[in-house]
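These notes concern the structure reproduced below.
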Amino acid sequence: MSGRADEKRRRIERAVPEHSPALLAYFVRRVDPAHLAADLLAETLLALWKRANALPDDDDEIRPWMFGIARNVLLHHRRGAARHHALADRLRSQLSTEQASGFADPTAFGELHEALRLLDQTDRDIIALRHWDGLPLVEIARVLRMKEGTVRSRYHRARERLREELRDVTYALDGR
């Protein structure tokens with residue numbers, strides 16, 4: 001590393017402890033929830049180190065330079081948050097028009113939900129991915145990072161257990 005680059009890094013090492021509290025306060029006043037401020041400060045400090053070669057030669061310019069980088073980090077964060085909220089709004093609007101059955105609504109098909117709760121989590125996942133999400137067993141094996149043969153046998157056993165549990169419910173409903 002060159003002597004000039006070493007000097008710039010030393011100057012950043014001195015500037016960071018001096019100006020970090022002000023940068024953190026800058027973020028705290030601008031983000032909600034406030035705990036995001038620490039993450040944004042960390043991103044800013046990383047950017048400072050990456051841009052060490054662009055450090056101004058005049059010590060009086062270091063603080064504004066650091067705040068400029070902090071502002072860019074904040075703008076990037078806000079753009080990302082705006083995209084996230086826009087996507088979430090679109091998905092919420094789509095979900096409000098589509099009714100999907102599943103584990104989320106135990107009032108629908110209550111007996112089925114009760115029977116599913118008797119299975120362990122992996123077997124519930126296999127059943128749900130197969131029947132509610134329409135995935136073939138080979139893809140379920142990839143999702144769960146299991147061997148396809150293991151998924152097939154667990155799926156078969158889980159279906160048999162559900163049949164048994166639901167058969168008891170059917171007999172009870174028929175009055176048998």
Side-chain angles (χ1 to χ4, degrees), residues 1-106 119-151 154:
M1 194 178 289
S2 73
R4 181 146 170 80
D6 285 340
E7 176 57 29
K8 286 192 177 208
R9 291 200 182 272
R10 280 192 295 278
R11 289 175 62 219
I12 287 177
E13 287 173 359
R14 287 190 307 269
V16 165
E18 181 181 346
H19 300 298
S20 288
L23 291 170
L24 181 60
Y26 170 84
F27 288 124
V28 167
R29 288 188 292 270
R30 287 166 176 81
V31 295
D32 185 37
H35 72 271
L36 291 175
D39 294 338
L40 294 173
L41 176 60
E43 285 183 47
T44 300
L45 296 178
L46 181 61
L48 292 173
W49 283 108
K50 286 181 178 179
R51 297 179 185 147
N53 289 336
L55 182 72
D57 291 328
D58 183 357
D59 284 347
D60 291 337
E61 294 299 316
I62 292 176
R63 182 179 167 98
W65 177 73
M66 292 174 80
F67 270 86
I69 290 174
R71 180 177 179 272
N72 289 336
V73 167
L74 180 62
L75 292 173
H76 178 75
H77 166 75
R78 286 180 175 162
R79 283 189 302 271
R83 285 190 303 270
H84 172 80
H85 291 304
L87 175 61
D89 288 344
R90 281 195 310 271
L91 290 173
R92 271 192 290 279
S93 115
Q94 182 181 2
L95 288 174
S96 68
T97 60
E98 298 174 7
Q99 292 298 321
S101 62
F103 293 125
D105 185 11
L119 301 177
D120 74 15
Q121 184 62 53
T122 301
D123 290 345
R124 275 196 306 265
D125 289 342
I126 292 169
I127 294 291
L129 287 167
R130 177 69 191 107
H131 293 282
W132 283 325
D133 300 306
L135 272 66
L137 294 177
V138 66
E139 288 182 15
I140 295 170
R142 287 188 205 131
V143 168
L144 299 178
R145 296 183 177 164
M146 297 171 71
K147 292 181 180 176
E148 185 180 349
T150 303
V151 169
R154 289 189 75 145

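Just so we're clear, the structure is a prediction, and the values are computed from it rather than from any experiment. Counting from 1, the numbers follow the sequence of the chain as shown.
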Euclidean distance, [Y] [atom2] relative to [X] [atom1], rounded to 0.5 Å:
{"X": "Lys8", "Y": "Glu13", "atom1": "NZ", "atom2": "CD", "answer": "14.5 Å"}
{"X": "Met66", "Y": "Ile12", "atom1": "CE", "atom2": "CD1", "answer": "8.0 Å"}
{"X": "Leu24", "Y": "Arg29", "atom1": "CG", "atom2": "CZ", "answer": "9.5 Å"}
{"X": "Leu137", "Y": "Arg154", "atom1": "CG", "atom2": "CZ", "answer": "13.0 Å"}
{"X": "Ile127", "Y": "Asp133", "atom1": "CD1", "atom2": "CG", "answer": "12.0 Å"}
{"X": "Arg71", "Y": "Leu74", "atom1": "CZ", "atom2": "CG", "answer": "8.5 Å"}

* Asked: Is a side-chain donor or acceptor of Asp120 paired with a backbone partner of Thr122 at a separation under 3.5 angstrom?
  ->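 Here the side-chain-to-backbone pair exists.
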* **Lys/Arg-Asp/Glu bridge criterion (N-O < 4.0 Å) met for Asp89, Arg92** => yes
Taking all non-hydrogen atoms of both residues into account, name the closest pair between [X] and [Y] and its distance.
{"X": "Ile140", "Y": "Ile126", "result": "CD1-O, 3.8 Å"}
{"X": "Met146", "Y": "Val151", "result": "CB-CG2, 3.9 Å"}
{"X": "Leu36", "Y": "Asp32", "result": "CD1-O, 4.1 Å"}

* Can you tell if the side chain of Arg78 reaches within under 4.5 Å of the side chain of Arg30, non-hydrogen atoms only? ->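 A side-chain contact under 4.5 Å exists here.
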Quiz: residues 44-63 side-chain donor-acceptor pairs under 3.5 angstrom, not counting sequence neighbours:
| residue | atom | partner | partner atom | Å |
| --- | --- | --- | --- | --- |
| Thr44 | OG1 | Leu40 | O | 2.8 |
| Asp57 | OD1 | Arg4 | NH2 | 2.8 |
| Asp57 | OD2 | Arg4 | NH2 | 3.4 |
| Asp58 | OD1 | Asp60 | N | 3.1 |
| Asp59 | OD1 | Arg11 | NE | 3.0 |
| Asp59 | OD1 | Arg11 | NH2 | 2.8 |
| Arg63 | NH1 | His19 | ND1 | 3.4 |

* Asked: Which residues pass the ring pair (Phe, Tyr, Trp, His ring centres under 6.0 Å) test with Phe27, sequence neighbours left out?
  ->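 With sequence neighbours excluded, Phe27 shows a ring pair (Phe, Tyr, Trp, His ring centres under 6.0 Å) to no residue whatsoever.
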* **Residues Arg10, Glu7; criterion salt bridge (charged side-chain N to carboxylate O under 4.0 Å, His left out); working and verdict** => CA-CA 5 Å; Arg10 280 192 295 278; Glu7 176 57 29; 3.3 Å; yes
* Please check if atom NE2 in His76 has more than 12 non-hydrogen atoms from other residues, nucleotides or ligands closer than 6.0 Å. => no
